[in-house]
Amino acid sequence: MRGLSKLIGGVLLAATMSSGAFAAGYPDKPITLICPYSAGGGGDTASRIIAKLAGDMMGVQINVENKTGGGATIGISAVANAAPDGYTIGFISTSPITIRPHMMEAPYNPIEDLTYIGQFVASNQPMIVRADSPYKSVDDLIKFARENPGKLRWSTSVQRGGPHVAVEAMFKAEEVDATFVPFKGGSKVLAALLGGTIEMAMISEGNKSTLDGQTRILAEGTPNKNPVTPEAPTLTEAGYPIAPAIFFGLAGPKGLPDDVLAKWDEVLPKVLASPEFKQIAEAQQWTVAHAGHAAFTKIVETDYAAAKTAIAAIGMK
Amino acid sequence: MGDTFSLVAEGVGLALTWQSLLAIVLGVAAGQILGAIPGLTASMAVALLIPYSFYFDPWVGIPMLLGMFKGSLFGSSTTAILIRTPGTPAASATVLDGYPLAQQGKGGKAVKMALYASVFGDTFSDVCLIFFASLLAMVALKFGPAEYTILIVLALCSLGMLSSRPAWKGLVATLAGVIIGMIGLDPMAGTPRLTFDNPELEEGIGLIPMLIGFLAVSEVFRQMSGKAEDLSAKAIRYSDDPADNRVSMAEFISCLPTLFRSSAIGTAIGAMPGLGSTVAAFIAYGEARRASKHPEKFGKGALEGVAAPEAANNAVSGANLIPLLAFGIPGDIAAALILSALMVQGVTVGPLAFSQNPLPLYAIYAALILANVVNLILGLGLAKVASVAFSVPRRLLLASVLVIAAAGSFALRGSVFDIQLVFLFGIFGYVMMRFGFPPVPLLIGFILMPLLEENLRTVLLLASTYDEHLFFVFKRPAFLSLLALMGTAIGLVLWRRRRRALGARPDA
């Protein structure tokens with residue numbers, strides 16, 4: 001027994017020494033990654049796989065801590081209030097960063113209180129109709145909505161999320177009325193679309209259902225080209241106000257040191273290129289898309305400003 | 001035809017290796033243990049394991065997951081029966097007759113009945129999945145918010161008939177459940193309701209802290225308020241009579257109609273995304289009581305009262321794969337996790353799988369059936385272990401239940417607030433029982449209220465988009481068939497009640 005504990009002690013010692021030798025400066029102790037979503041969801045899976053792979057590469061332990069509640073704002077405000085040393089960072093996704101703060105009193109200012117470390121996933125949000133639907137284009141939908149006010153039924157996987165705002169902004173720009181029908185999660189939206197309860201949806205599940213021959217893609221709700229139907233325009237290409245990026249990323253408190261940001265800019269692309277990450281991403285239907293500190297900050301700032309204008313115009317609360 | 005046969009044989013062969021058999025055994029065992037621990041669900045464990053699952057061969061990883069989900073449903077009912085603490089919410093209806101049986105010294109019988117019913121429900125829905133997946137999924141897709149609403153109303157009516165006497169106490173309890181269920185953000189408008197400016201309440205009251213507090217902690221308080229000498233007695237009295245520790249053939253046969261009915265209810269509800277196994281268990285329990293010749297025995301230790309919810313909640317888990325395999329739509333979190341595990345392994349499911357690559361489907365079918373057999377064998381072992389584990393003096397058990405209750409609710413979200421809720425609901429439940437208010441209607445009100453609200457409000461919203469307004473529901477064949485079914489069910493009850501009243505008169 002004593003031999004075993006000595007052995008473990010030796011291994012641990014060796015592990016700390018080797019990590020110290022490899023990592024010049026940051027990181028030289030365990031990092032806490034705050035996940036504002038509960039264990040078991042997509043955000044949690046993403047946090048855990050990033051923590052495991054990045055931790056292995058940097059030679060330190062990255063501990064995932066789930067701090068849920070308040071539509072993810074509780075966890076993110078814990079990140080914003082942490083010491084800016086790079087040892088407390090957080091997982092973030094679109095809604096609590098660029099969208100929700102325009103509709104509610106968030107306990108942080110996304111532009112002033114956070115540093116954006118990097119983006120690692122940018123999902124597609126295709127606008128889909130049933131494969132047998134009469135609507136072949138966005139114009140067909142708009143035409144129907146104009147002639148039948150309020151009778152076009154549609155949904156997105158999250159109420160008041162980015163895609164919801166983007167499609168509302170589209171209808172507002174065309175000055176037509178359509179009816180948003182809320183469902184809890186993309187798979188229920190897909191069931192409602194296929195079952196004929198709604199006519200249109202903007203959900204990430206739309207890529208697979210289109211490959212399966214059940215749906216048709218009319219447009220793409222994010223700035224990323226749709227891989228299944230590349231000829232589908234993004235909403236901004238089609239002349240509408242906003243096509244917000246639907247991202248997963250990492251952020252830290254305001255004022256993270258440059259060496260921390262540089263380290264993550266170096267490690268994150270390697271994590272994303274690893275076969276382990278690719279496999280998980282494929283299973284979760286994430287589109288892997290890296291953006292470093294500078295590019296990610298720009299994405300957030302652009303979308304934050306665009307969403308502010310769009311949400312004020314729609315009057316969404 | 002010969003071609004199909006060789007395909008089936010090849011697919012089944014994939015899942016019949018010793019590695020996958022071992023994986024199933026491990027999965028079922030882990031599931032049974034995790035299921036028995038309140039607050040730890042198989043879904044959580046699977047979610048944590050998924051990042052590692054690509055290290056396994058597909059036909060080791062997937063059978064293990066399937067086994068885990070099946071095992072956890074049975075595991076959760078052992079604690080529901082023996083210590084009134086459902087390991088997962090799906091087993092909360094099992095408490096109603098399981099715990100009274102345990103108090104009569106028939107815990108062994110109840111646990112075994114739960115096991116047989118679980119395996120029966122599993123097998124029933126797996127057979128439906130194998131032979132009618134596309135058909136069932138097609139019908140289920142026709143069920144929209146209007147049909148969900150009437151189904152939930154059916155459940156409320158069916159369970160409302162269970163309410164205790166005097167009826168007003170049952171009504172008050174239901175209302176209390178509905179009001180507790182309203183706490184949190186309004187599901188459509190997003191405005192806080194009954195949160196008293198407490199941000200912790202915005203996400204609503206968690207089902208697990210509420211269940212554990214209301215059922216388990218309140219029972220601990222009740223026992224603690226008993227005589228001191230009772231506390232050093234054995235926690236659970238086991239009768240020495242072997243008849244009390246097994247399910248006889250005659251008993252099993254008398255439960256058969258209940259098993260078939262409940263499995264069918266579970267399969268139908270499982271095929272529809274979003275209703276879930278807890279709802280199925282309660283509906284099946286209500287229907288079993290309604291159909292019984294001795295409804296007065298329910299709640300006091302009726303064996304059918306254990307068989308019905310257990311068959312139904314297990315049937316849901318198999319049937320959740322129906323929309324998954326037929327349309328690629330996962331019916332619940334468990335199915336969503338299985339979907340993601342399948343895709344990690346490069347196995348695609350969905351409408352094209354049947355025609356393009358049915359091989360993995362046959363392997364999944366084989367693994368499902370095999371997992372049922374393993375669940376039965378290991379379950380008999382667990383039933384023995386559980387009966388030893390809980391044969392400790394009551395004062396020890398009661399203290400451990402409090403610790404398990406607190407730890408289990410904390411484990412779920414890592415929230416201290418949930419521990420406070422557990423004890424708050426413990427006190428609330430104790431006081432309610434003290435004054436003779438039945439706990440069941442409160443639970444049902446709490447569980448069904450959010451589903452009813454979500455679907456009813458969606459129907460009202462949809463009504464504004466139809467020329468017929470609310471009457472659009474009468475143009476839906478699925479709605480009309482459910483309405484007819486509900487009318488018949490209520491009519492039958494009234495007719496039987498009337499006949500019984502007439503029959504009873506001469507004696508009075």
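Just so we're on the same page: letters track the sequence lines, and every chain starts at 1. All values reported here derive from a predicted model rather than from experimental measurement. Computed over heavy atoms, backbone and side chain alike; hydrogens, waters and symmetry mates excluded.
Comparing B:Ala146, B:Gly144, B:Pro145 by heavy-atom pairs within less than 4.5 Å of chain A, the highest count is held by B:Pro145. Here A:Arg153 is the residue among A:Arg153, A:Met103, A:Glu205 with the most heavy-atom pairs under 4.5 Å with chain B. The candidate from A:Ala281, A:Gly196, A:Ala191 with the greatest count of non-hydrogen atom pairs under 4.5 Å with chain B is A:Ala191.
When all heavy atoms of B:Thr458 and A:Phe183 are compared, the closest pair comes out as CG2-CZ, 4.3 Å. Residues A:Thr197 and B:Leu462 share a closest heavy-atom pair of CG2-CD1, 3.6 Å.
Interface residue A:Lys188: only side-chain heavy atoms are found under 4.5 Å from chain B. At a 4.5 Å heavy-atom cutoff, A:Ala192 makes no contact with chain B through either its backbone or its side chain. The contact between B:Asp467 and chain A is made by backbone and side chain atoms together, counting heavy-atom distances below 4.5 Å.
The line from OG1 of B:Thr465 to CD of A:Glu199 is 7.5 Å long, rounded to the nearest 0.5 Å.
More than 12 heavy-atom neighbours from other residues, nucleotides or ligands sit within 6.0 angstrom of CG on A:Asp132. Crowding of A:Glu175 atom CD: a count of heavy atoms from other residues, nucleotides or ligands under 6.0 Å not exceeding 12.
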